[in-house]
2 protein chains.
Amino acid sequence: MGIIRKTKSVKTLLNEFNKNSSAISVTELITRLNSKFNKTTIYRVLDKLEDDGVLHSFLGKNGLKWYAKCNGCTADNHSDVHPHFQCLDCGKVDCLSINITLPKIPNRKIDLAQFLIQGQCDECLT
Amino acid sequence: MGIIRKTKSVKTLLNEFNKNSSAISVTELITRLNSKFNKTTIYRVLDKLEDDGVLHSFLGKNGLKWYAKCNGCTADNHSDVHPHFQCLDCGKVDCLSINITLPKIPNRKIDLAQFLIQGQCDECLT
DNA sequence: AATATAATGCAACATAGTTGCAATAAAAAA
DNA sequence: TTTTTTATTGCAACTATGTTGCATTATATT
């Protein structure tokens, strides 16, 4: 699939991700935009933006889905494999620009990896 | 909290994890045992077994909760930090006995880390 | 055997996410 | 510009995972 039309919801969602560089959870987006868009629309647009290589998704605390801007991904190749850091105090999630080396595993084919690190962010530490 | 009484549900659940060494999802356990125990009981007993350092939990595909036997953990110290491998074909999840080195992150305190690797297991590859 | 209280079942609830379908809006064609 | 095509949206209803309060039951202690 992927995005075909530049609709209001697409522009608004992209704008949310351009405001700052942190990742945003789907529930947060639904809360922020629920006066303008139905949650079904938000789920569907995020899905398509991920297909297009504009956003990437991952699971945070409690298995909640988060999205963040991709960096050098295309619709065909999601090259973004980096750890994510979630603060257990404030809940904020950031992408860590660290290259992780996947362990060698015999007799298995690795397709993707998710690495979630949890702790306290700089703001909550002080 | 933690387990205080050796009840039927505790014994049955421990037995499920002793049958083989794979991890088991909560939904799978509820399906297997739903004629014997209420799902609330299953959630609560798993929770307590984790508190006791008998089981550890992690999130698999789609944010579903999985449990597996701990190896050398106590109630005070969950020392198990290893990657998990989930087969995208058959859904099976295994603990990988690999030591992962957490990346150094400035200005952040690391409490825990989850590393989920997805792909195809040996059985589904052939 | 009597007592204290941990554990259980049940119903009701909370929340994340999905689906089908009719209505609407964006882009292409006329 | 107007018409036509069809992608997108909103809505309601639904599924699934997980949680909570409370009365009942079972375990362990006295």
Side-chain angles (χ1 to χ4, degrees), chain A residues 1-16 23-52 54-68 75 84 86 88 91 93 114 116, chain B residues 1-17 23-68 75 84 86 88 91 93 114 116:
Chain A
M1 336 186 265
I3 293 285
I4 300 182
R5 296 181 183 178
K6 284 276 155 60
T7 60
K8 241 179 280 181
S9 59
V10 172
K11 287 176 200 162
T12 306
L13 277 167
L14 285 176
N15 187 46
E16 290 296 320
I24 316 176
S25 69
V26 178
T27 52
E28 168 66 22
L29 285 168
I30 290 174
T31 307
R32 278 192 210 169
L33 305 175
N34 92 95
S35 61
K36 294 187 193 159
F37 305 104
N38 190 278
K39 65 172 177 172
T40 312
T41 304
I42 295 174
Y43 278 110
R44 291 196 270 227
V45 171
L46 290 171
D47 213 45
K48 288 175 182 172
L49 288 171
E50 185 171 24
D51 272 359
D52 285 350
V54 178
L55 299 176
H56 67 275
S57 74
F58 56 93
L59 300 175
K61 208 173 57 152
N62 301 122
L64 289 202
K65 203 164 190 181
W66 289 70
Y67 283 88
H84 294 97
Q86 179 156 34
L88 293 173
V93 177
Q114 293 208 42
L116 180 67
Chain B
M1 334 187 265
I3 292 285
I4 298 182
R5 297 181 182 180
K6 284 275 156 59
T7 59
K8 242 181 279 181
S9 59
V10 171
K11 288 176 199 162
T12 307
L13 276 167
L14 285 176
N15 187 47
E16 290 296 320
F17 285 96
I24 316 177
S25 69
V26 178
T27 52
E28 168 66 21
L29 286 169
I30 290 173
T31 307
R32 279 193 209 167
L33 305 175
N34 93 93
S35 61
K36 293 188 193 159
F37 305 104
N38 189 279
K39 64 172 178 172
T40 312
T41 302
I42 295 174
Y43 278 110
R44 292 197 269 226
V45 171
L46 291 172
D47 213 43
K48 289 177 181 172
L49 288 172
E50 185 172 23
D51 272 358
D52 284 349
V54 179
L55 299 177
H56 66 275
S57 74
F58 56 94
L59 300 175
K61 207 171 59 152
N62 303 122
L64 289 202
K65 202 163 190 182
W66 289 70
Y67 283 87
H84 294 97
Q86 179 156 34
L88 293 173
V93 177
Q114 294 209 40
L116 180 68

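The sequence lines fix the lettering, A, B, ..., with proteins before strands; numbering per chain opens at 1.
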At under 4.0 Å between heavy atoms, how does the protein contact nucleotides 22-30 of chain C? Give one character per nucleotide, 5' to 3', with B, S or -.
---BBS---

Each nucleotide in nucleotides 13-25 of chain D should get exactly one letter: B, S or -. Can you fill that in based on protein heavy atoms under 4.0 Å?
----SBBBB----

When the distance from [atom1] of [X] to [atom2] of [N] is rounded to whole Å, what number comes out?
X     : N      : atom1 : atom2 : value
B:K48 : C:dA6  : NZ    : P     : 9 Å
A:W66 : C:dG17 : CH2   : C1'   : 17 Å
B:K61 : C:dG17 : NZ    : C1'   : 16 Å
A:I42 : C:dT18 : CD1   : P     : 13 Å
B:F37 : C:dG9  : CZ    : P     : 7 Å

Tell me, do B:Y67 and B:V54 make a side-chain contact under 4.5 Å, heavy atoms counted?
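Side chain of B:Y67 against side chain of B:V54, heavy atoms only: no contact under 4.5 Å found.
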
Within the structure provided, determine whether A:I30 and A:Y43 are in side-chain contact (heavy-atom separation under 4.5 Å).
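Result yes, sub-4.5 Å side-chain heavy-atom pair found.
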
With a 3.5 Å distance limit and no angle check, can you tell me whether A:Q86 reaches the backbone of A:G91 through a side-chain donor-acceptor pair?
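Between the backbone of A:G91 and the side chain of A:Q86 there is a qualifying donor-acceptor contact (under 3.5 Å).
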
With sequence neighbours left out, write down each residue that passes side-chain hydrogen bond (donor to acceptor under 3.5 Å, both in side chains) with [X], or none if nothing qualifies.
X     : answer
B:T41 : none
B:T31 : none
A:N34 : none

For B:R32, what residues pass the salt bridge (charged side-chain N to carboxylate O under 4.0 Å, His left out) criterion, not counting sequence neighbours?
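If we apply the salt bridge (charged side-chain N to carboxylate O under 4.0 Å, His left out) test to B:R32, skipping adjacent residues, the hits are B:E16, B:E28.
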
Have a look at A:L64 and tell me which of A:V93, A:L59, A:T27, A:V26 forms a side-chain contact (heavy atoms from CB on, under 4.5 Å) with it.
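Of all the options given, the one that passes is A:T27.
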
